[in-house]
Amino acid sequence: MTLDLKASEYTLSGLRPFPVAITTIDEGRTNGLMSLSAGSGGIIPDAPRVTISLTKYNLTHDMVTRSGVFAMHLLAATPEPALEKSLAILMGLGGSSGRDGDKLSPFATKPGVTGSPILLDALSYVEGRVVGSLDAEENTIFLADVVAAERFSTGERLRIGEAWGKLPPEWIEQYDRNHHPQLESARRHRGLLD
């Protein structure tokens, strides 16, 4: 049997419906990015854990590796003003590299208990201290104890399909251009390039 890439994409992409904003701080510098790879990291309700997966290409990856802290935010789909703020966060954190400048300054934030910036226009967040990590060649999967959490509104969670359908075409083109080097880096880390 051969690998059916379309079947693989269908199955795996269905497991990542919610875009999350990841923020962190390292030696006083803040940064953030968008990810589709986050989830619950434990089953104990009174001692929650969170997992995130960050590609090694990203500055945020290096910052979380060094500092051991991050905040993971869900974005709101409703009401309409919250959706506009969510799309602004998605475009601001997902459209460029923190190596090129301050990605968080356009957004309302407060420092969390770890110092990680908390996006005040997010739907909710959990803040974590890393307790373990798994080097997965192209990325690192971080497991963290949740040390703080807050829900800012009662809106619904933004799904990636809904968000992608509302983003400007020129931003999507820019994202695709910026995403190409990240994919090449991931392929190199996995040994898939000559």
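None of the values given here were measured: they were computed from a predicted structure. Positions are given from 1 along the sequence.
Screening V64, L143, T114, D145 for a side chain to side chain contact (heavy atoms under 4.5 Å, CB included) with V130, the sole residue that qualifies is V64.
With a 4.5 Å cut-off on side-chain heavy atoms, I25 and M63 do not count as touching. A heavy-atom distance below 4.5 Å is not found between the side chains of L87 and W171. The shortest distance between side-chain heavy atoms of L183 and Y57 does not fall below 4.5 Å. Between S37 and R16 there is a side-chain heavy-atom pair separated by less than 4.5 Å. Residues L119 and Y125 form no side-chain contact, since every pair of their non-hydrogen atoms from C-beta on lies 4.5 Å or further apart. In this structure, the side chains of F18 and L74 come closer than 4.5 Å at one or more pairs of heavy atoms. Residues P111 and I118 have side chains not in contact (no heavy-atom distance under 4.5 Å, counting atoms from C-beta outward). In this structure, the side chains of M72 and T23 stay at 4.5 Å or more apart for every pair of heavy atoms.
From F70, atom CZ reaches atom CG of L33 across 11.0 Å, with rounding to the nearest 0.5 Å. Note that CG of N178 is 12.0 Å distant from CD of E173, once rounded to the nearest 0.5 Å. Between the CG atom in L192 and the CD atom in E138 there is a gap of 8.0 Å [rounded to 0.5 Å]. Note: H73 NE2 to M34 CE = 10.0 Å, rounded to the nearest 0.5 Å. To the nearest 0.5 Å, the span separating NZ on K85 from CG on L120 amounts to 9.5 Å. Once rounded to the nearest 0.5 Å, the distance linking NZ of K166 with CE of M91 reads 12.5 Å.
In the hydrophobic clustering of ILVMFWY residues, with side-chain heavy atoms under 4.5 Å counting as a link, L93 and V50 come out apart. I52 is connected to V126 through a chain of hydrophobic side-chain contacts under 4.5 Å among Ile, Leu, Val, Met, Phe, Trp and Tyr, so both are in one cluster.
Between L123 and G155, the shortest heavy-atom distance links the atoms CD1-O, 3.5 Å. Nearest approach of A122 to I89, heavy atoms of both residues: N-CD1, 4.4 Å. Across all non-hydrogen atoms, the minimal contact from G98 to L59 is C-CD2, 3.6 Å. Scanning all heavy atoms of the two residues, the minimum distance from V113 to R129 falls at O-NH2, 3.9 Å. Nearest heavy-atom pair across A71 and P117 is CB-O, 4.0 Å.
Residues that satisfy the ring pair (Phe, Tyr, Trp, His ring centres under 6.0 Å) test with F142, not counting sequence neighbours, are H61.
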Self-check item: Residues S133, I141; criterion side-chain contact (heavy atoms from CB on, under 4.5 Å); working and verdict
Solution: CA-CA 5 Å; S133 63; I141 301 165; over 6 Å; no
Self-check item: Evaluation steps, side chain to side chain donor-acceptor pair (under 3.5 Å), between D62 and T65
Solution: CA-CA 5 Å; D62 298 343; T65 299; 5.3 Å; no
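A 6.0 Å sphere centred on CG of L12 holds more than 12 heavy atoms belonging to other residues, nucleotides or ligands. In this structure, R159 places its CZ atom where only 12 or fewer heavy-atom neighbours from other residues, nucleotides or ligands lie under 6.0 Å away. Within a 6.0 Å radius of NZ in K56, more than 12 heavy atoms belonging to other residues, nucleotides or ligands are found. With a 6.0 Å radius and a threshold of 12 heavy atoms from other residues, nucleotides or ligands, K6 has its NZ atom at or below the threshold. Taking a 6.0 Å sphere around CZ of R66, one finds it holds more than 12 heavy atoms contributed by other residues, nucleotides or ligands. Within a 6.0 Å sphere centred on CD of E9, other residues, nucleotides and ligands contribute 12 heavy atoms or fewer. Other residues, nucleotides and ligands contribute more than 12 heavy atoms inside 6.0 Å of the CD atom of E150.
With hydrogens and angles disregarded, a donor-acceptor distance shorter than 3.5 Å links the side chain of R151 to the backbone of S153. At least one donor-acceptor pair closer than 3.5 Å links the side chain of T11 to the backbone N or O of A7. Here the side chain of D102 pairs a donor or acceptor atom with the backbone of S105 at under 3.5 angstrom. At least one donor-acceptor pair under 3.5 Å links the side chain of K103 to the backbone N or O of S96. No side-chain donor-acceptor contact under 3.5 Å links S8 to the backbone of D4. A donor-acceptor pair is defined here as one N or O able to donate and one able to accept, closer than 3.5 Å; such a pair exists between the side chain of S86 and the backbone of A82.
T55 and Q182 share a donor-acceptor pair across their side chains, judged by distance under 3.5 Å alone. For the residue pair E156 and T78, no side-chain donor N or O sits within less than 3.5 Å of a side-chain acceptor on the partner. N139 and S53 form a side-chain donor-acceptor contact under 3.5 Å, judged by distance and modelled atom types alone. T60 and N31 are linked by a side-chain donor-acceptor pair at a separation below 3.5 angstrom, with hydrogens and angles left out of the test.
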